[in-house]
Amino acid sequence: MSAEYEAVKPPESELVIVTGMSGAGRTTVAHALEDQDWYVVENLPPAMLGPLTELMSRSQGSIPRMAVVMDVRSKDMFPEIRDALANLTASGVKYRLVYLDASDEVLVRRFEQGRRPHPLQGDGRIVDGIQREREITRELRDAAEIILDSSSMSVHDLARSVNELFSESGPIILRINVMSFGFKYGLPTDANYVADVRFIPNPHWVPELRPQTGRDKEVSDYVLSQTGTSEFIENYLKALEPVFEGYRRENKHYATIAVGCTGGKHRSVATSIELGRRLAQLPNVRVNVSHRDLGRE
């Protein structure tokens, strides 16, 4: 008896090429795409575009979405990128060209606020560099499938626009790091929220549990079965719900929740693991659990 199986076709790869005016938001767009799990390559020389897309096509779907940010800084570089794009088209590679733009007034203001010169102004004024760049990139702007004018956008507005254009699922994926720690070693400097679980009876004072850690089932069962532990975790998760929704509205993608006990060995470890397990069940949330001070004793 034989059976036939339909070959699984790897997902079709997406390629986006981002270019445009200096100061218009290329870096913001790159970060927004990266936050949406695009593989982002910045400042790629035009000559490397072909080999990179070939690598993408051979990845068998492991690099499903790639964004290449290209900075056209000179007239000499423009023919290279034009030829590279023409070669992609001739090879049948589908891509979307995104051009970032802003008004001259806004670009001048951004360079002045950043206290840096325009890369093409030379010994002239900022506006001279802007005009040179417009001349160099005019053909790219005309060929772009998507033109994003960031003149009236904040960085958050621009990132939100990118999410709407390129996100598969729509909602922002939140990446949450749940970190256990010991108060006696100091507060984590990168914590957005700190939870104190020293109200839970300490397994340190139970002889058979003392040498174990919160990763061990005996310690975890002891900690999670204590009065108030389950209620604390449930209520803490409820308190985080509006926080996560606010993060999505404000286009924030990362947060670290630090859970502390005295030494970072028993209570905080067991609670962090359980909190991470429950957070991972929420939609559009990815969780990493880490233990800063485990093993320091």
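Residues take their numbers from the sequence shown, with the count starting at 1. Heavy atoms only: backbone and side chains are in, while hydrogens, waters and symmetry mates are out.
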Check side-chain contact (heavy atoms from CB on, under 4.5 Å) between [X] and all other residues, then give those that pass, not counting sequence neighbours.
X      : value
Phe111 : Ser22, Arg116, His118, Pro119, Ile126
Glu145 : Arg96
Pro45  : Met48
Ser151 : Ala102, Ser103, Val106, Asp149

By salt bridge (charged side-chain N to carboxylate O under 4.0 Å, His left out), which residues pair with Arg82, not counting sequence neighbours?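 Expected list: Glu139.
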
For residues 254-266, which residue pairs pass the salt bridge (Lys or Arg N to Asp or Glu O under 4.0 Å) check, not counting sequence neighbours?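 Qualifying pairs: Lys265-Glu297.
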
Provide the full list of salt bridge (Lys or Arg N to Asp or Glu O under 4.0 Å) pairs with a residue in residues 213-225, sequence neighbours left out, each pair given once.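 Output for this query lists Lys217-Asp221.
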
Taking ring-ring contact (aromatic ring centres under 6.0 Å, His included) as the definition, give me every residue that meets it alongside Tyr99, ordered by chain and number, with sequence neighbours left out.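 With neighbours one apart ignored, the set is empty.
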
Holding to ring-ring contact (aromatic ring centres under 6.0 Å, His included), I want the full list of residues that pass it with Phe244, two or more places apart in sequence or in another chain.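 Phe244 satisfies ring-ring contact (aromatic ring centres under 6.0 Å, His included) with no other residue.
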
Apart from Leu187 itself, residues in the same hydrophobic cluster as defined by side-chain heavy atoms under 4.5 Å: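 Phe181, Phe183, Val194, listed by chain and number.
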
Kindly state each residue pair satisfying side-chain hydrogen bond (donor to acceptor under 3.5 Å, both in side chains) with at least one member in residues 191-207, sequence neighbours excluded.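 Passing the test, one end in residues 191-207: Asp196-Arg198.
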
Do any side-chain atoms of residues 231-241 form donor-acceptor pairs under 3.5 angstrom with protein atoms, and if so which ones, sequence neighbours left out?
from	atom 1	to	atom 2	distance (Å)
Glu231	OE1	Gly228	N	3.3
Glu234	OE2	Ser230	OG	3.4
Asn235	ND2	Glu231	O	3.1

